[in-house]
Structure formats: C-alpha cells, structure tokens
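Reading through the structure tokens given below for one structure.
Residue numbering restarts at 1 for every chain, and letters A, B, ... go by the order of the sequence lines.
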Protein chains: 2
Amino acid sequence: MNFIPDQIDMCIMDILQEDARTTNKEIAARLGKSVTSIFERVKRLEAEGYILRYIAVLNKNKLGKNLVAWTSVTLKEHGQDRLPAFEQKINTFPEVMECYKMNGQFDYLLKILVADMEAYELFNLTKLSKLDNIYKIRSLFVLAETKQEVELNLKTGLPVKLQQKNK
Amino acid sequence: MNFIPDQIDMCIMDILQEDARTTNKEIAARLGKSVTSIFERVKRLEAEGYILRYIAVLNKNKLGKNLVAWTSVTLKEHGQDRLPAFEQKINTFPEVMECYKMNGQFDYLLKILVADMEAYELFNLTKLSKLDNIYKIRSLFVLAETKQEVELNLKTGLPVKLQQKNK
DNA sequence: TGTGAAACCTCAGGAAT
DNA sequence: ATTCCTGAGGTTTCACA
C-alpha cells in the first residue's frame with residue numbers, strides 16, 4: 001500500500017505505452033533487470049491502477065470513420081438531476097467518443113466520430129438535437145489531425161541511458 | 001491485395017481493441033476457429049494497416065496529470081507556410097496531446113494535459129503565447145470527463161461503399 | 001533473483017473448400 | 001487460389017524456492 005512507482009517502474013510504463021506487446025524479457029534486457037522482477041513490477045502497476053488496460057489502436061479511416069466533429073452543448077436548465085440525465089443519454093450514443101463537462105461558455109464538449117457529413121447530420125437530427133433540455137448546439141469539423149499523442153509524458157523518469165548493466 | 005476485412009476480422013479487431021492481451025487461443029475459442037487462422041488474420045490486419053499498434057493505457061491522474069484544457073488558437077496570417085510552421089512548433093510541446101486543424105471560428109483546437117492550473121499558466125506564458133503569428137488564444141478547462149471511449153464501434157460493419165470493393 | 005513446468009506463439013507442411 | 005488445420009519447436013509466463 002501507498003505504493004509509489006520508482007524510476008524503473010516509470011521506464012516500464014513508458015515502454016508499455018509505446019508498445020504493449022514488448023515482452024518482459026525484452027524490457028528486462030533494456031533495463032538491466034531480471035525477467036521475474038519486471039514481471040512482478042508490471043503486475044503491481046496493474047494491481048495498483050497505474051496501468052489501466054491494454055488496447056489495440058485501429059485505423060479509423062480504413063474502417064470507414066472519416067469525419068471528426070467537435071460539438072459544444074449548452075443546456076437550458078442546470079438543476080441537480082439535469083446534468084446526469086444528459087450524460088446518461090450521451091453515453092448511449094456510439095457516435096460520441098468523448099464527453100467533457102466544461103467551465104465557461106458552454107456545458108459540454110463532445111467528440112463525435114462518424115463516417116461522413118451525411119452521417120453527422122443524421123446523428124444530429126435524430127439523436128443529439130432530440131434530447132430534452134438542450135439550449136444550444138455548435139459544431140466544428142476537423143480538417144486534419146496534426147497531432148495525436150497517446151503516450152503520457154513521463155519525463156520525470158526516463159534515464160534510459162544509465163541502465164547499461166547486463167543480466 | 002485490396003484486402004477487405006470480413007466479419008471474422010471485425011470480431012478479432014473488436015476483441016483486441018477491448019483487450020490487446022487476449023491470446024490467439026482465447027480468440028480462436030470464442031470465434032470457433034483454429035489458433036493458426038487467428039494468428040494469420042491478426043498478422044494480416046497489422047500488415048494491411050488496420051491494426052496500427054498496441055498500447056498500455058496509463059492512469060494520468062495517478063501520474064500527476066490532473067488538468068485537461070481545450071484551447072482554441074486563431075492565427076494572424078494564413079499564408080502557405082504559416083500553418084505548417086505552427087504545427088511543427090506545437091509538435092515539440094509535450095503538453096499538447098492532440099492538435100486539430102478546424103474549420104469555422106478558429107484555426108486549431110488543442111488538447112493540453114498538465115499537472116495543474118499553475119502548470120497550464122506556465123505553459124501558456126512561456127510556450128504557447130510566445131509563438132509567432134498568434135492572433136487569439138481561448139482556453140476552456142475540463143471539470144469532468146464523463147465519457148472516454150477508445151474503442152471504435154465496429155458493430156455497424158463497414159460502410160457499403162467499402163464492402164463493394166471486395167473482389 | 002533463479003528455476004522449471006505449463007501455457008503460449010510461431011511457422012512449417014498439408015488438407016479442404 | 002485461398003483459407004484452414006495439425007503438429008513441432010522455440011519463447012514467454014508465472015508459481016515457488
């Protein structure tokens with residue numbers, strides 16, 4: 001308990017968030033540790049909730065999802081139960097990949113992923129704008145994704161060069 | 001060539017984007033296929049660019065990244081070389097996780113991930129607002145992430161257009 | 001940290017459609 | 001021609017000392 005990852009744990013996480021299929025043997029070789037110790041550290045990082053899951057990243061364009069929209073939503077009423085009600089509905093829409101409750105000019109920011117503009121229009125007409133309690137919807141469309149970083153910056157613990165010992 | 005994934009390939013991708021550590025044996029059992037056929041399909045999906053990579057998803061809060069900001073940027077000049085210049089600079093900032101070129105009211109939408117408000121202020125003062133050619137910067141902060149979907153929805157299958165290219 | 005057995009991955013060659 | 005299976009050998013995983 002009260003587990004805090006050390007420098008080596010940080011290196012392990014950095015390797016795994018770059019390529020989750022790196023074997024323990026490979027990690028052990030790079031960090032100058034035994035295979036078993038790496039295995040135990042990974043298991044601990046998983047158990048302590050530092051590593052949440054392992055996923056395959058798919059090519060969304062090849063799978064027919066070509067349009068990303070960022071949509072801001074402002075609600076009419078903000079009573080105690082109105083926000084969770086909206087959030088629950090949003091959770092049932094597969095087109096909504098991400099939903100952020102925001103401060104400032106609007107209440108929610110949604111990332112919408114669909115095949116094309118036609119599909120977006122359909123989503124907007126039949127699902128989003130049909131919800132109760134909507135005051136305003138604003139959509140902006142992505143022309144290009146110029147940066148998509150999935151790896152957290154673990155710069156506090158990346159002395160990869162120092163570990164040149166062998167087994 | 002001109003490979004189009006079939007129903008079984010879609011199932012495999014769906015399983016792997018949910019848990020990249022699912023073994024081929026497990027996938028084979030679920031789909032009623034042999035281990036080797038799954039192995040070959042996965043290799044092909046990787047080779048054809050449908051599966052891009054495998055990553056570990058880390059817990060950003062446990063790693064000290066507690067503030068997400070969505071920042072819109074409008075440039076002063078939009079000449080041929082000005083946009084790539086901006087994008088290149090943005091790519092060197094580890095705080096910027098995502099950058100979208102947008103239509104509409106502003107030019108770029110940035111997802112910024114930092115430790116806290118103080119770190120955001122520092123990033124804004126020393127990096128973002130120091131860039132050339134900036135006309136306007138607007139920041140909104142995330143109060144809560146109510147939906148974070150990383151898996152593509154494959155249940156709908158491929159769009160008909162894509163399927164017809166098959167053979 | 002090391003050992004070793006069980007489980008798994010990988011890739012021949014061959015069968016079935 | 002493609003997709004699939006069987007089986008052998010090398011690798012990884014993971015409990016135990």
Side-chain angles (χ1 to χ4, degrees), chain A residues 1 3-59 62-63 157 159-167, chain B residues 1-59 154 157-158 160-167:
Chain A
M1 45 194 55
F3 164 73
I4 302 286
D6 63 11
Q7 219 61 355
I8 292 171
D9 292 312
M10 299 297 270
C11 288
I12 292 171
M13 286 189 278
D14 209 36
I15 290 170
L16 287 177
Q17 74 174 340
E18 201 275 324
D19 180 4
R21 297 228 153 162
T22 313
T23 63
N24 289 340
K25 186 183 176 185
E26 165 74 17
I27 297 172
R30 275 199 237 170
L31 300 182
K33 292 277 167 184
S34 75
V35 173
T36 307
S37 78
I38 300 297
F39 171 75
E40 282 165 358
R41 283 170 179 273
V42 171
K43 283 291 161 253
R44 184 167 49 190
L45 289 168
E46 291 169 5
E48 297 283 344
Y50 283 84
I51 295 175
L52 297 174
R53 57 193 301 208
Y54 302 91
I55 66 173
V57 178
L58 304 184
N59 187 329
K62 287 221 172 199
L63 292 165
V160 194
K161 304 288 165 56
L162 303 182
Q163 266 78 358
Q164 281 300 45
K165 294 183 179 182
N166 56 11
K167 32 212 136 103
Chain B
M1 42 198 55
N2 233 354
F3 163 75
I4 302 288
D6 63 11
Q7 214 65 5
I8 293 172
D9 292 313
M10 300 296 269
C11 289
I12 292 171
M13 286 189 278
D14 210 33
I15 291 169
L16 288 177
Q17 74 174 340
E18 201 274 322
D19 179 4
R21 295 228 153 164
T22 313
T23 63
N24 289 341
K25 187 185 178 186
E26 165 74 17
I27 298 172
R30 274 198 237 170
L31 300 182
K33 295 280 169 182
S34 76
V35 174
T36 307
S37 76
I38 300 298
F39 169 74
E40 283 165 356
R41 283 168 177 274
V42 170
K43 284 288 163 258
R44 184 168 46 190
L45 289 167
E46 291 169 4
E48 297 282 345
Y50 283 83
I51 295 175
L52 296 174
R53 57 192 302 208
Y54 302 92
I55 66 174
V57 178
L58 305 184
N59 188 328
L154 302 180
L158 283 179
V160 186
K161 291 177 227 167
L162 277 181
Q163 285 179 346
Q164 283 169 349
K165 281 198 228 155
N166 203 347
K167 298 235 158 156

Residues that A/Arg53 engages under salt bridge (charged side-chain N to carboxylate O under 4.0 Å, His left out), provided they are two or more places apart: B/Glu151
Rounding to an integer number of Å, can you tell me how far A/Ile38 CD1 sits from C/dG2 C1'? 15 Å
Any donor-acceptor N/O pair, A/Asn24 side chain to A/Ile38 backbone, under 3.5 Å: no
Tell me, please, which residues at least two apart from B/Glu46 pass salt bridge (charged side-chain N to carboxylate O under 4.0 Å, His left out). B/Lys43
Between D/dT3 atom C1' and B/Asp9 atom CG, what is the distance in whole Å? 11 Å
Test of understanding: with salt bridge (charged side-chain N to carboxylate O under 4.0 Å, His left out), list the residues that count as partners of A/Glu18, not counting sequence neighbours. none
Heavy-atom protein contacts under 4.0 Å, nucleotides 7-17 of chain D, coded B base, S sugar-phosphate only, - none: B----SSB---
Rounded to the Å, how far apart are B/Ile27 CD1 and C/dA7 C1'? 16 Å
Those residues that, when tested against A/Lys25, pass salt bridge (charged side-chain N to carboxylate O under 4.0 Å, His left out) (two or more places apart): none
Rounded to the nearest angstrom, tell me the gap between atom CG in B/Asp6 and atom P in D/dT3. 8 Å
Not counting sequence neighbours, which residues clear side chain to side chain donor-acceptor pair (under 3.5 Å) with A/Asp19? List them please. none
